[in-house]
Amino acid sequence: MRKYVTIFLTTMCISCIYAKAQPLAHPYLIMNMEAEQNIRKAIASEQLWQDYHKLMLEGADSILSAPLLERIVEGRRLLNISRECLRRMLLLGYAYRMTEKKEYARRAELEMNNISLFVDWNPSHFLDVAEMTTAMAIGYDWLFNYISTETKQRVEKAIEMKGLRPSFKEVYNNHWLDNHNNWNQVCHTSMSLGALAIYEHIPELADTIVNRTVEKIRLPMAVYAPDGAYSEGYSYWAYGTTYNVLLIEALKTVKGTDFGLSQMPGFLKTGKFIQNMILGDGKSFNYGDCNHSGRMFPPMFWFAQQNNDASLLWTEKYLLDKASKKQLIDYRYGLYAIVWGTQMKLESIVAPVNKMWVSAQSLQPVAVMRTDWKFKKGLSAAIKGGTAQAGHTHLDVGSFIITDHDIRWAMDFGPQEYNMLEKLGIDLWGRNQESQRWDVFRYNNQAHNTLTFNDQHQNVEGHALITEYGNNADFMYAVVDMTPVYLNQVAETKRGIALVDEQYFVVRDEIKALNKPTTVRWNMLTGAIPKILDDHTIQLSMQGKKLLLQIESSAQISIKTWSTTSPNNYDAANPNTVFVGFEAELRSGMKETLQVKLIPEGSKNTHKKIQPLKLWKNI
């Protein structure tokens, strides 16, 4: 009996922790008074943060003369307006708090009153509501001691009626309430931020929202396990994880606990994932719906602090240094860098030690290897496994990228602009085998650096893992078992990629055909100019440099190049790109090897015999 009483009391205590917020004086969200004092100390002692502070003020100044935002829906989204509202609230609120100049607060109050009068915040696409609610919550909290009583009442009502209450309607929350993707992180966090901002006016509703958030956000946070890889890729990591960190910090400040969220498996390790996603050319491994242009991500400062690991900021410092003023001012999350970064001594940032990082068993397994942590130096390569069932994925299992100094020889298109496709009636978000998404040129396997058998799509239900890897300096490698994504197309297929002697790359495919004629297309997307030298060699030229594709195979091959122009009128143009590779005829029931050496000009010892994949672990 005592056991059950203890369980009951423990449950009640947890419920009490959930339900009661600590009595706090505004401002307390994200940048509380302690954070504000840390920022003041940092800008007084470190030139980088002094310069960054001035840049944020410059951004706030540019808003003062801009027209007020209008409720302009593009396609089905108000998202651009919501995001701009968030950027403005952060910059104006920061500028007022740091300078006490009333023109910033006056303009922020105008923005909040204006947004409060919108008929709604477009709940049919709830991300729009989420970012608008976050903007209004931060504006209300940070400027609480300036704005008028009338404005406070108007904003309180808008947050509740246009932000929080629509989140309980199934017609509006069915895309995110129980999902495992960034929508869940963004929408649940924003609802909690809105609720916590006006807590004293809606305590019961606020507690309900916070309790719901703490329960539901564990679903997408489970994706970080076991080693921090984020299934939706580089760009969407920034979206979901930024909001996740905002939630954790808000809960700790207002509730006194983050309810164990930061300790969920893999979460505190995810900084290593993002650090390694920037390849040697200074751009990202942009698989799925992600862009290749790397940018500074403010949550990395938070992860560096949590892990007491300044090396996590190696790539962020590089990206921060090379970013233009406009890029930093225009980035709506840019301000969070100075909020989360000022407790780290930037002079203590050193290069990471390990030159290879692997997530082998995650939802979207990836492996990245490099010869140098100095950007635009040396070689780097990346490969992915995975499944099309993760958010924002393409049919790209087995796809790889290779770089040589500042040249990306093997590349990825990344996404096509969503509104363009949706306006034409394309069903972009289905994940079934026959979904229209896979007819979009950039999204299927024929447009990625992988294999295609008999012109068929990869199996969307398959899940390919990295089964082996090694990080010896003279032979870094990873092997992906791609068999599950080619179900009923071939009996078995494995792909290995290796960086050999820090000189050149090898991509080796070992395939067992079914008892039927099978044609395989080996494909690589490049921005280089190709020249076929002989029936086993292609030369690529770019920026005055060259790279050779040397093909060795037990099958009969035919070297080819293919146009990247789609026959579909809804597909985006892909100028200055070409597919290079070959087709091979696989003999029925036989095991075949397709091996390609990718050799940068000037590489040495390129005639080394490459062993079968099963022996790579012995090299």
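Just so it is clear, the values below take in all heavy atoms, side chains as well, and ignore hydrogens, waters and symmetry mates.
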### Heavy-atom neighbours of E70 CD exceed 12 at 6.0 Å
no
### Message
Working note: N181 + H392, criterion side chain to side chain donor-acceptor pair (under 3.5 Å); need CA distance, chi angles, decisive distance, verdict.
### Response
CA-CA 9 Å; N181 61 15; H392 290 283; over 6 Å; no
### Message
Please determine whether a side-chain nitrogen of the Lys or Arg among D227 and K272 lies less than 4.0 Å from a carboxylate oxygen of the Asp or Glu.
### Response
no
### Summary
A337 and F301 have their tightest heavy-atom pair at CB-CE1, 4.0 Å
### Query
Using a distance-only test with no angle check, is there a side-chain donor-acceptor pair under 3.5 angstrom linking Y140 and E156?
yes
### Query
Run the salt bridge (charged side-chain N to carboxylate O under 4.0 Å, His left out) check on K252 and E249 step by step: do they pass?
CA-CA 5 Å; K252 287 194 297 187; E249 286 298 294; 3.0 Å; yes
### Query
Is the shortest distance from a Lys or Arg side-chain nitrogen in E422 or R77 to a carboxylate oxygen in the other one below 4.0 Å?
yes
### Query
Would E58 and K54 pass as an ion pair if we require N to O under 4.0 Å?
no
### Message
Can you confirm whether N308 is buried at CG, in the sense that more than 12 heavy atoms of other residues, nucleotides or ligands lie under 6.0 Å from that atom?
### Response
no
### Query
With a 4.0 Å cut-off, would you call K255 and D207 a salt bridge?
yes
### Task
Check the surroundings of atom NZ in K152: do more than 12 heavy atoms from other residues, nucleotides or ligands lie under 6.0 Å from it?
yes
### Message
Are the side chains of M31 and W142 in contact, using a 4.5 Å heavy-atom criterion?
### Response
yes
### Task
Tell me whether the guanidinium CZ or amine NZ of R370 lies under 6.0 angstrom from the six-membered ring centre of W373 and within 45° of its axis.
yes
### Query
So F144 and Y146, ring-ring contact (aromatic ring centres under 6.0 Å, His included) or not? Walk me through it.
CA-CA 5 Å; F144 186 86; Y146 173 85; over 10 Å; no
### Task
Give a yes/no verdict on a cation-pi contact between R83 and Y331, requiring under 6.0 Å between NZ or CZ and the six-membered ring centre and an angle within 45° of the axis.
no
### Query
Taking everything shown except K283 itself, do over 12 heavy atoms lie less than 6.0 Å from its NZ?
no
### Task
May I ask you to say whether D178 pairs ionically with K216, meaning some side-chain N is under 4.0 Å from a carboxylate O?
yes
### Query
Does CD in Q47 sit with more than 12 non-hydrogen atoms of other residues, nucleotides or ligands closer than 6.0 Å?
yes
#### Entry: Verdict with reasoning, S82 to W121, per side chain to side chain donor-acceptor pair (under 3.5 Å)
CA-CA 8 Å; S82 297; W121 295 340; over 6 Å; no
### Query
Are E84 and R87 ion-paired here, with the side-chain N under 4.0 Å from a carboxylate O?
yes
### Query
Is K376 salt-bridged to D281, cutoff N-O under 4.0 Å?
no
### Query
Taking NZ, NE, NH1 and NH2 as the nitrogens, is one of them in E103 or R107 under 4.0 Å from a carboxylate oxygen of the other?
no
